[in-house]
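First comes the structure, then the notes that go with it.
In what follows, chains are A, B, ... by sequence order, proteins preceding strands, each numbered from 1. Side chains are part of it too, since the values below use all heavy atoms of this structure and drop only hydrogens, waters and symmetry mates.
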There are 2 protein chains.
Amino acid sequence: MSCESDLTQELRELGFRVTPQRRVILHILLHANGHLTPSEVFALAQESLPGLMETTVYRTLEFLVQTGLAQAAFGSNGKRAYEISDEHHHHLICRQCGKEIEIPHVQLDSLYASLEASTQFKLVHNHITFLGLCAECQ
Amino acid sequence: MSCESDLTQELRELGFRVTPQRRVILHILLHANGHLTPSEVFALAQESLPGLMETTVYRTLEFLVQTGLAQAAFGSNGKRAYEISDEHHHHLICRQCGKEIEIPHVQLDSLYASLEASTQFKLVHNHITFLGLCAECQ
DNA sequence: ATCCTTATTGCAAAAACTTGCAATAAGGAT
DNA sequence: ATCCTTATTGCAAGTTTTTGCAATAAGGAT
């Protein structure tokens, strides 16, 4: 009974298949603290699963986002990073020095509520990256 | 006196050089309604400037964002698109059908103010893409 | 345990994007 | 008008990400 078993369970219940590839990638994401880029995930995953293709990593990460098990963040540069997080949050990055601050989602709750009211959309809690200049760099 | 002259003027005042490449790309962005991807810009720009490299398009678009003359939007898929817009706004995209709604920045004003207060950052008005499900697709 | 269906993966090739460096050409100075 | 400085471009090579299709293997049914 490995540590990602509750997530694979969830996958199966949603009607998706649980493959070694998905298991390994989930495991990696669970043990990473913070974001990982697809190539970082690939490098780590290949250690446990030598035949793994980078393509599969890309597809799996995107798949996990679709199913809601992982979140994707697009950095200021548009580079991707993925993570699994129970506590939903966003980021504020300093454009000058790159310092990164975590913004808990509660701070956006009222915005989300008002957007949902005005647009009739049901918002998905996707990761948002705000950009700015930190106190020192201003 | 072409239509992008006020923008090239602004570039020069900021100390940057005005090149045929920048002029053409600005012209294209000004006449596009909505976003254009780098390759769309490239295809259009090459008609007026045959020797132009795609690299230059990428660099120029990013440059225009840095100087604040253009905005970049990262779609739900992470694909880039650029535009020039006087009225700053964001987007809400339906994950199912792709419908896109424009969110005027004023709706985020109070959020930005509270983020600036709590983090000491000075926020940059970068484009944000919200994701959700539209009324029909829910 | 075996078979069936079809979701997933591997593989290959393409598309999208980035980077380094030498050559070019803006724009200011003479 | 010409020269100088250096920002910007072209070019080539590299990295990252996407896509199509045939082969594989999960998971349900027998």
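- For Y58(A), taking side-chain heavy atoms from C-beta onward, the closest of the listed nucleotides dG10(C), dT16(D), dG10(D) is dT16(D).
- Residues T19(B) and Y82(B) each lie close to DNA chain C; by heavy-atom proximity, the contact nearer the 5' end of the strand is made by Y82(B).
- For Q21(A), no side-chain nitrogen or oxygen approaches OP1 or OP2 of dA25(D) to under 4.0 Å.
- Distance alone, capped at 3.5 Å, places no donor-acceptor pair between the E116(A) side chain and the A113(A) backbone.
- T60(B) has no side-chain polar atom (N or O) that falls below the 4.0 Å cut-off from OP1 or OP2 of dT8(D).
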Dot-bracket for DNA chain C, 5' to 3', with Watson-Crick and G-U pairs under 3.5 Å, [ ] for crossing pairs and | for other-strand pairs: what is it?
||||||||||||||||||||||||||||||
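- The side chain of T56(B) places an N or O atom within less than 4.0 Å of a non-bridging phosphate oxygen (OP1 or OP2) of dG10(D).
- R59(B) has its CZ atom 13 Å from the P atom of dC21(C), to the nearest Å.
- Rounding to whole angstrom units, CZ of residue R22(B) and C1' of dT9(D) are separated by 9 Å.
- With DNA chain C read from its 5' end, the first of the two nearest nucleotides for R12(B) and L49(A) is the one closest to L49(A).
- Side chain of H27(B) to main chain of R23(B): no donor-acceptor pair is present (N/O by atom type, distance under 3.5 Å, no hydrogens or angles).
- Taking the six-membered ring for Trp and the full ring otherwise, the centers of H91(A) and H35(A) sit less than 6.0 Å from each other.
- Atom P of nucleotide dT9(C) and atom CZ of R23(A) are separated by 12 Å, given to the nearest angstrom.
- Of all nucleotides listed (dT18(C), dT9(C), dT8(C)), dT18(C) comes nearest to the side chain of R80(B).
- For the residue pair Q71(A) and H127(A), no side-chain donor N or O sits within less than 3.5 Å of a side-chain acceptor on the partner.
- Taking every side-chain heavy atom of R17(A) into account, dT6(C) is the closest of dT17(D), dT8(D), dT6(C).
- Spacing between atom CD of E62(A) and atom P of dT18(D) amounts to 7 Å, rounded to whole angstrom units.
- Comparing atom distances between the L52(A) side chain and each of dG10(C), dT9(C), dT8(D) picks out dG10(C) as nearest.
- Taking the six-membered ring for Trp, F42(A) and Y58(A) have ring centres at least 6.0 Å apart.
- Residues L69(A) and I84(A) have side chains not in contact (no heavy-atom distance under 4.5 Å, counting atoms from C-beta outward).
- If you check every strand for non-hydrogen atoms under 4.0 Å, T55(A) touches a base.
- Between the side chain of R22(A) and the main chain of R17(A), a donor-acceptor pair closer than 3.5 Å is present.
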